[in-house]
Chemist: 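Take this structure first; my questions come after.
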Number of protein chains: 2
Amino acid sequence: MATYKTRAQFVADDLRGRILGGEFKGGTQLRQDALAKDYDVSRIPVREALLTLESEGLVEFHAHRGAFTTELSVAKIRELFDLRVLLETYVLRHAINGLTDTDLKKAEDILLKYDQALNSGGDIDNWSEYNFAFHQALYAPAELPETLSLISQLNTKSDRYIRMQLVYTQEIEKAEQEHHGLLELARQGDADKACELLKTHIQEACEGIVALLEERAKQPETS
Amino acid sequence: MATYKTRAQFVADDLRGRILGGEFKGGTQLRQDALAKDYDVSRIPVREALLTLESEGLVEFHAHRGAFTTELSVAKIRELFDLRVLLETYVLRHAINGLTDTDLKKAEDILLKYDQALNSGGDIDNWSEYNFAFHQALYAPAELPETLSLISQLNTKSDRYIRMQLVYTQEIEKAEQEHHGLLELARQGDADKACELLKTHIQEACEGIVALLEERAKQPETS
DNA sequence: AATTCGCATACTGTATACAAACTGCAATGA
DNA sequence: TCATTGCAGTTTGTATACAGTATGCGAATT
């Protein structure tokens, strides 16, 4: 049992959170020395953490110039969401017949828990995790670990932009309603309708993000 | 232009080749010290190389026990090939209408070059690269870099097993014929038929590998 | 005045050195 | 006899130290 965590892993996890949380804008250089001081470790685990994040697509290494946070073009964002549609409808279709009552209960619990958090005082920081947990709960019975891993990758890459959208719009309620709808269709075992809803669910999120980015592009600096 | 390569990258590239080439059987421990001596570098770039390979799914880290080469179950191999079918038919469909004469010429050149190599004295070491280059040439016009990257990941993970199959069977000629057929259908712009052929092309390779693995499982030790 | 060259600076990439953790075996005790 | 504990040896994970490369500014040249 690997309950132990290396410093490199700790730095990677925390730094991922900071990047996804928007602390660093796209293209900013991440100086190893500074990060090492931040975490009170040497530069070695910092480098290893940055390498991990590179493989996740969150930073890019430039030779002898270190790591920079990545910024995705609108085209790439569209591509990522198209891939999510392709892969997530694929697993949902495979999972939906194998969904047991326990699975459905689990998904519902996550959903209700999130409903509560939303009503009480909605902090968005945790939303990504809730959202991902709910989707994974529906996908779990498919027993396609490699596929889920790819989906997880895609989510990580697009996560920053999803959060950005949530901050500036009131999309959460709509997404939440769609989640309830998705759960109901899954319960009924209606694969076609469920996949259709999932597809529009993802696509509309994408369009919202793209619209926001293009809006921003018109007003380059609002500071 | 980053024509420069760090030692860590060099080690990663070479070590990947060795793993895919079958030098290490599944589950063998890769000791950092030994590798460092092999490449005449310190353990730092070796560790970074291993981290890169971990993100590619070729090795796994166990806390304080180092990196071990991974071994895929039959179920995971099947899953990887199913994903390849899903993603590769997806890009091919997107690419096929945009294929220019130059693109087709490029794919054909790769194919002919490989035909020659096969006739003259077929060494399989390069086959993976040829194969991948041909497929990528057909997919290029889709202009879906993220998707191609995922496909590349899947190919890397399954590469060892493809090579294994090629060593023990005479599947290369058949694959080569299918490649020619694929090129012809692409030239005609027949997306449906091309995707169908691609699908069976991938699926049959998968079945060949699974059959070989199950054959092996019956005769655990042939040394 | 504009451009190019050279140097100083800062940061990365890697080697070396050290500390902590895991493994295996032997000795002890029930 | 079998399980448990402690120790030695080995290997990893990380800190420190050093070498090499990119960037920016100023001087020299046209």
Side-chain angles (χ1 to χ4, degrees), chain A residues 1-20 23-71 156 221, chain B residues 1-20 23-71:
Chain A
M1 181 55 172
T3 183
Y4 181 76
K5 223 182 195 181
T6 65
R7 296 171 201 231
Q9 284 172 308
F10 177 83
V11 173
D13 289 341
D14 191 85
L15 194 52
R16 177 177 21 247
R18 290 169 74 184
I19 293 173
L20 294 181
E23 182 172 335
F24 309 99
K25 296 302 165 192
T28 60
Q29 184 178 11
L30 299 175
R31 274 185 266 118
Q32 300 173 359
D33 211 359
L35 291 174
K37 273 184 191 158
D38 265 18
Y39 292 103
D40 197 35
V41 297
S42 80
R43 274 175 39 235
I44 300 288
V46 171
R47 281 183 62 80
E48 297 191 351
L50 289 172
L51 278 170
T52 301
L53 297 180
E54 183 193 29
S55 77
E56 295 172 8
L58 296 182
V59 307
E60 267 179 1
F61 271 74
H62 294 228
H64 289 286
R65 298 195 47 228
F68 295 75
T69 56
T70 54
E71 185 141 44
T156 300
E221 288 302 319
Chain B
M1 180 56 175
T3 181
Y4 181 78
K5 222 181 197 182
T6 64
R7 294 170 205 233
Q9 285 171 309
F10 178 82
V11 173
D13 290 342
D14 191 84
L15 194 52
R16 176 175 24 244
R18 291 170 73 184
I19 293 174
L20 295 182
E23 183 173 335
F24 309 99
K25 296 304 164 190
T28 61
Q29 184 177 13
L30 299 175
R31 273 186 267 115
Q32 299 172 0
D33 211 1
L35 291 174
K37 272 182 191 161
D38 265 17
Y39 292 104
D40 197 35
V41 297
S42 80
R43 272 172 44 230
I44 300 288
V46 170
R47 280 183 63 79
E48 297 191 353
L50 289 172
L51 277 170
T52 302
L53 297 181
E54 183 192 29
S55 76
E56 295 171 8
L58 296 182
V59 307
E60 267 178 2
F61 271 75
H62 295 227
H64 289 286
R65 299 196 44 228
F68 294 75
T69 55
T70 55
E71 185 142 42

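All of these numbers come straight from a predicted model, not from anything done at the bench. To find a chain, count down the sequence lines: A is the first, B the second, and so on, and within it residues start at 1.
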Chemist: Output the rounded distance in Å from CD (Q9(A)) to C1' (dT12(D)).
Modeler: 13 Å
Chemist: List, with names and distances, any nitrogen or oxygen atoms from the protein found under 3.5 Å away from nitrogen or oxygen atoms belonging to nucleotides 9-12 of chain C.
Modeler:
unit_1	atom_1	unit_2	atom_2	d
dT12(C)	OP1	Q32(A)	N	3.1

Chemist: Is the shortest heavy-atom distance from the side chain of D13(B) to the side chain of K5(B) under 4.5 Å?
Modeler: yes
Chemist: Determine the minimum heavy-atom distance between F61(A) and L51(A), stating which atoms define it.
Modeler: CE1-N, 4.0 Å
Chemist: On a heavy-atom basis, which atom in F68(B) and which in G27(B) lie closest, and how many Å separate them?
Modeler: CD2-O, 3.5 Å
Chemist: Once you build an axis from the first five pairs and another from the last five of the helix from dA1(C)-dT30(D) to dA30(C)-dT1(D), how far apart in angle are they, to 10 degrees?
Modeler: 10°
Chemist: Does any non-hydrogen side-chain atom of L50(A) lie less than 4.5 Å from one of L15(A)?
Modeler: yes
Chemist: Can you tell if the side chain of V11(B) reaches within under 4.5 Å of the side chain of L35(B), non-hydrogen atoms only?
Modeler: no
Chemist: Take the protein atom CZ of F10(B) and the nucleotide atom P of dG13(C), then report the distance between them rounded to whole Å.
Modeler: 18 Å
Chemist: Under the rule for side chain to side chain contact (heavy atoms under 4.5 Å, CB included), what residues qualify as partners of I44(A), not counting sequence neighbours?
Modeler: S42(A), E48(A), I44(B)
Chemist: Nearest-Å distance, CD1 (I44(B)) to P (dC18(D))?
Modeler: 16 Å
Chemist: Sorted by first residue and then second, give each salt bridge (Lys or Arg N to Asp or Glu O under 4.0 Å) pair with at least one member in residues 27-40 of chain A; sequence neighbours left out.
Modeler: R18(A)-D38(A)
Chemist: For L35(A) and dT14(D), give me the distance from atom CG to atom P, rounded to whole Å.
Modeler: 16 Å
Chemist: Nearest whole Å is fine: how far is dT12(D) P from E60(B) CD?
Modeler: 16 Å
Chemist: Can you sort out the partners of T69(A) under side-chain hydrogen bond (donor to acceptor under 3.5 Å, both in side chains), two or more places apart, ordered by chain and number?
Modeler: T28(A)
Chemist: Under the side-chain hydrogen bond (donor to acceptor under 3.5 Å, both in side chains) definition, can you give me all pairs with a residue in residues 52-62 of chain A, not counting sequence neighbours?
Modeler: R16(A)-E56(A)
Chemist: Could you state the NZ-P distance from K5(A) to dG13(D), rounded to the nearest angstrom?
Modeler: 16 Å
Chemist: Could you give the CD-to-P distance, from E48(B) to dT14(C), as a whole number of Å?
Modeler: 6 Å
Chemist: To the nearest Å, give me how far apart OH (Y39(A)) and C1' (dT14(D)) are.
Modeler: 17 Å
